[in-house]
Amino acid sequence: MKRNIVIAVVTAAALVGGGTATALAVSGDDDDASTPVTRTDDDRDDRDDRSDDDGGDSDDGDRAAAPGDVTAADAIAAALKHTPGTAVSAELDDGSWEIDVLGKGDTWHSVRVDPGTGKVLGSSKDDEDDAAEVRAALKGTSVTAEQAAKAAAAKGTVVSVDLDDDGDDRGWEAETRASGGDGQDWSVGLTTASVTADRDDD
């Protein structure tokens with residue numbers, strides 16, 4: 001009778017502990033006290049600990065590839081090194097930087113740059129009819145898209161830079177994002193790199 005009670009108590013303790021337990025009860029005569037022996041199998045916990053130590057789900061890889069490690073200015077520089085010309089715009093879109101480069105004549109190049117490594121992922125070539133207008137807008141200017149991106153970076157993380165060649169208010173347009181995710185548009189001068197809030201921005 002005593003032996004059955006001891007086994008029941010040990011079994012209940014094993015179930016509450018969440019492990020696999022093996023209970024043994026050794027008894028001589030009925031007058032002798034039973035001696036329970038309990039062994040808990042924690043192999044599952046050990047495997048979990050080992051997987052953590054091996055770095056199976058490390059956050060380091062995610063941090064290394066996080067967008068924003070490569071700035072707009074860096075992406076423009078990488079694109080121009082790959083495809084010489086004049087960078088006219090840069091935008092962080094669909095997981096990569098997309099830089100529009102005006103080459104010789106009316107040839108446009110769209111260069112994609114990895115935002116985590118700065119490597120060029122690929123490029124494509126197009127013929128557009130607005131090359132003359134862009135060249136006219138940039139004539140006599142001294143601030144490049146890369147310099148405009150660097151100037152706007154003082155206001156936040158630059159996610160796009162684009163040439164505004166409409167009317168008399170020519171300049172670089174830059175969009176920045178604050179750490180909280182709020183966006184702000186800026187105008188960057190074509191000759192002074194002065195950064196002012198875009199008056200059309202709400």
Where at least one partner belongs to residues 145-155, residue pairs that pass salt bridge (charged side-chain N to carboxylate O under 4.0 Å, His left out), sequence neighbours excluded: Glu146-Lys150
Are the side chains of Thr86 and Thr144 in touch, meaning some heavy atoms are under 4.5 Å apart? no
List for me each residue that meets side chain to side chain donor-acceptor pair (under 3.5 Å) alongside Thr176, sequence neighbours excluded, and say none if there are none. Trp186
Side chain Trp97, main chain Ala79, donor-acceptor under 3.5 Å: no
Linking directly or through intermediates, with side-chain heavy atoms under 4.5 Å: list the remaining ILVMFWY members grouped with Val159, chain and number order. none
Thr192 meets the side chain to side chain donor-acceptor pair (under 3.5 Å) criterion, sequence neighbours left out, with Ser194
By side chain to side chain donor-acceptor pair (under 3.5 Å), Glu175 pairs with (sequence neighbours left out) Arg177
To the nearest 0.5 Å, tell me how far Ser160 OG sits from Trp172 CH2. 12.0 Å
With sequence neighbours left out, write down each residue that passes side chain to side chain donor-acceptor pair (under 3.5 Å) with Ser187, or none if nothing qualifies. none
Kindly list each side-chain donor-acceptor pair under 3.5 angstrom involving residues 134-142, sequence neighbours excluded, with atom names and distances?
unit_1, atom_1, unit_2, atom_2, d
Arg135, NH2, Gly103, O, 2.5
Arg135, NH2, Gly105, O, 2.9
Thr141, OG1, Leu138, O, 2.6
Ser142, OG, Thr191, O, 3.2

Tell me whether Glu133 contacts the main-chain N or O of Asp130 through its side chain, where contact means a donor paired with an acceptor under 3.5 Å. no
Please name all residues satisfying side chain to side chain contact (heavy atoms under 4.5 Å, CB included) with Lys119, sequence neighbours left out, ordered by chain then number. Thr117
Ala87 meets the side chain to side chain contact (heavy atoms under 4.5 Å, CB included) criterion, sequence neighbours left out, with Ile76, Leu80, Ile99, Ala145
Closest heavy-atom contact between Ala148 and Val143? N-CG1, 3.9 Å
How long is the span from the OG1 atom in Thr196 to the CG atom in Asp185, to the nearest 0.5 Å? 11.5 Å
Please give me the minimum heavy-atom distance between Leu121 and Ser96, naming the atom from each residue. CD1-CB, 4.0 Å
Heavy-atom pair with the smallest gap, counting every atom of Val188 and Ala151: CG1-CB, 4.4 Å
Under the criterion side-chain contact (heavy atoms from CB on, under 4.5 Å), I'd like the reasoning laid out for Leu102 against Trp108: C-alpha separation, chi angles, the key distance, then a yes or no. CA-CA 5 Å; Leu102 177 58; Trp108 286 93; 3.8 Å; yes
Under the salt bridge (charged side-chain N to carboxylate O under 4.0 Å, His left out) rule, what pairs show up with a residue in residues 90-100, not counting sequence neighbours? none
